[in-house]
Amino acid sequence: MSKAFLTLIKRIVVETRFFLGFSLLALFALSWFSIYRTSLSEGRAETLAVREMAQRGELAKPAPKKSDESKKDEASPKAESSSATKPEASPPGDAVARSEPAKDEPKKADGEETASAETKSAGEAAPQPALTEEQRRQRRARGFYQFLGGPDMDMSSGAIATMLLYFLTVGIPIMLPLFWGISRGSAAVAAEIERGTMDMILSRPVSRSAYLLAHVITAVFGYLLMVVVIVAGAKIGESFHSVDSSPRMIALARPALNVVGLGLATYGLTIMFSAFDIVRWRPNMIASILTIAQLVGYAVANQPETADDSWYKVPGKFSVFSTFYPIEAFVKGEYLPRHMGALLGVFAAGVIVALWRFNRRDLPANS
Amino acid sequence: MESIIATHQLTKKYGDFYALRNLSLEIHRGEVFGLLGPNGSGKTTTIRTILGMIRATEGFASVAGLDCWNDSLAVRERVSYLPGELRMFGYLSGYQHLKFLCELRGGAGLERAVHIAENIMELDLNRKVRRYSTGMKQKLALAQAFADPVEILILDEPTSALDPSARGLVLDLVMTAKAQGQTVIFSGHVLSEVERISDRVAIMRRGQLMHVEDMHSRRCARMVLARFDEEPPTEFPDDLGLIVRRRDGREILFEHQGEIRSLLDWFSRQGISEIAIGTEDLRGLYDKFHGPDVRDEELAPLVQSARS
């Protein structure tokens, strides 16, 4: 690598140090938190009680036997919250497992699982006596109080707690790589032109390809660091909070790789739009809309009641989220190469188009 | 003279708009070449095409025989460029900024850049660039440009944000660069500066080359304003080298190149009541193409002449 190329990479790292640093710290903390949360679930009385209820067949749908895989899953940042509808990944003792569906139920979107858990929790409970208006009012008030984090808030049960956990352990770890991808992709060309610093760099003997690849390498480097901190957060958290079955390093790395694969695919799309543009907001907006549309399309396509030949299944085929299976990647591992191949394919295609376009385009004055 | 930069029928179109039209130009090695013209006349487009930042719609540009688009990297190894509108990385200090740009050229020229910035431009290189004024940023960029070990310097409005004394320093640095054998393209709006340092000047209008003036010949030329006692003659002896620039009754403005003694002898025999001799600044030439009453159709023959 030439000195100029390394200088470009160094400059981009310096520019992004705060964003990247914050993302890495957040991912590390959340990974640690997921271990802590798993550790709490395994030891608490409610968990044991539910486990016993399941064994006595008092739950509407019995939890499956605890397998090695499900033990691993308990230690996963994503597995715990998503395991509600994953037969192979369900922590049997956790209250969340009360919403376990039948094994033959179609696989659902991660976001949908939580909502499903909420519905089923209510639906599976024993017939309730009619409540008085006062009881209903008190229940609403208590629920609101719990939502705000009141002292009797029960993190092991209840839809709100599940939602919160889901958001912390799955939502944010997905969002951060997506933000990183969109931010760095749009910064590569459009933002540099908009800021007016492209002239200064490309009037030096630096090829356009080298310039763009420096951006790509820095983004990929950021993603690799994310994988490292997710794994490190879980492993270090484990030394402070014991869990029943310690997952192997590779088992932890798989879901992390799947998450950053999704981020890389988003980065590829964003840098492609960025290479055509001269202002940052437009590739940002297009990439954000496209990402949200893919997420919505994926959710629509994966509704459990939707027939396989329905038109509603079509959007899912065009969504990169269709390759997003961190739980399966964690538990089985077999999905990962295929899914990562698809995600990396989108990333590579985006970068190739960006290189092609950037090498042929005019750079406007004062860019 | 050997040409180091050449354009041939260079044209750049944006839709129906011609940013450059059939620009054919040669810039000689070691000369200071002035580019003049109002905003939108095509100066910056010409420069950016030479740097390979813009792809010509038709025609070509070359630097030292290298195609400016296809061999852009090799071209930029030979060229240092000061953009007209400066944008810098505000989070870097002045020194870090110079170091960053030098490292993009393999690390060459840092010592000289620091020397120019600190000792000639009197900049504090430890300050963050974001705390620099516009003029200080311009000085920093100039220090970088003049320090680069290259054959060609392209300066796009290099004195626009500078105080008068700093402007003088820049002109001195241009002359030093010329003395060291560098070729300088100096694009600007301050005619007196361009006039002072340029060997040749190109005047552009609406993407077209209107005129190329040899400044050495121009400096030798003089303007003579004569008021005749009687009706002046309509024709003048060829060997005097007189060209009538303006006739207003008994008053005639001549452009003259040649022996002054024979001219004065001739005038003494003509019955002259008043005579004033001086030089014409670049303004007169510039106004020929950009004066308030100039129309495009009047300039068409001049464009043809400049092309040929």
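The chains referred to below are lettered A, B, ... by the order of the sequence lines, with proteins before strands, and numbering in each begins at 1.
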Original post:
So, do R48(B) and D199(A) sit near enough that their side-chain heavy atoms are less than 4.5 Å apart?
Top reply: yes

**OP:** Compare every heavy atom of S80(B) with every heavy atom of R204(A), then report the nearest pair and how far apart it is.
**Re:** NH1-OG, 4.3 Å

Original post:
Nearest 0.5 Å, what's the CG-CD1 distance between L363(A) and I54(B)?
Top reply: 8.0 Å

Original post:
How long is the span from the OG atom in S207(A) to the CZ atom in R76(B), to the nearest 0.5 Å?
Top reply: 7.5 Å

Original post:
Do S203(A) and M53(B) come within less than 4.5 Å of each other through their side chains, counting heavy atoms only?
Top reply: yes

**OP:** Evaluate the salt bridge (charged side-chain N to carboxylate O under 4.0 Å, His left out) criterion for residues K12(B) and D362(A): first the C-alpha distance (whole Å), next the side-chain angles of each, then the deciding distance (0.1 Å), finally the verdict.
**Re:** CA-CA 11 Å; K12(B) 181 65 188 176; D362(A) 287 345; 2.6 Å; yes

Subject >> Under 4.5 Å from any heavy atom of chain B - which part of R360(A) >> reply: both

**OP:** Inspect the surroundings of OH in Y14(B) and state if more than 12 heavy atoms from other residues, nucleotides or ligands are less than 6.0 Å away.
**Re:** yes

Original post:
What are the residues of residues 10-17 of chain A, in order of number, with any heavy atom under 4.5 angstrom from a heavy atom of chain B?
Top reply: K10(A), R11(A), V14(A), E15(A)

Original post:
Around F179(A), counting heavy atoms of other residues, nucleotides and ligands shown, do more than 12 lie under 6.0 Å from its CZ?
Top reply: no

Original post:
So which of F100(B), W69(B), F89(B) has the biggest tally of heavy-atom pairs under 4.5 Å with chain A?
Top reply: F89(B)

**OP:** Report the option among M88(B), K99(B), R105(B) that has the most heavy-atom pairs separated by less than 4.5 Å from atoms of chain A.
**Re:** R105(B)

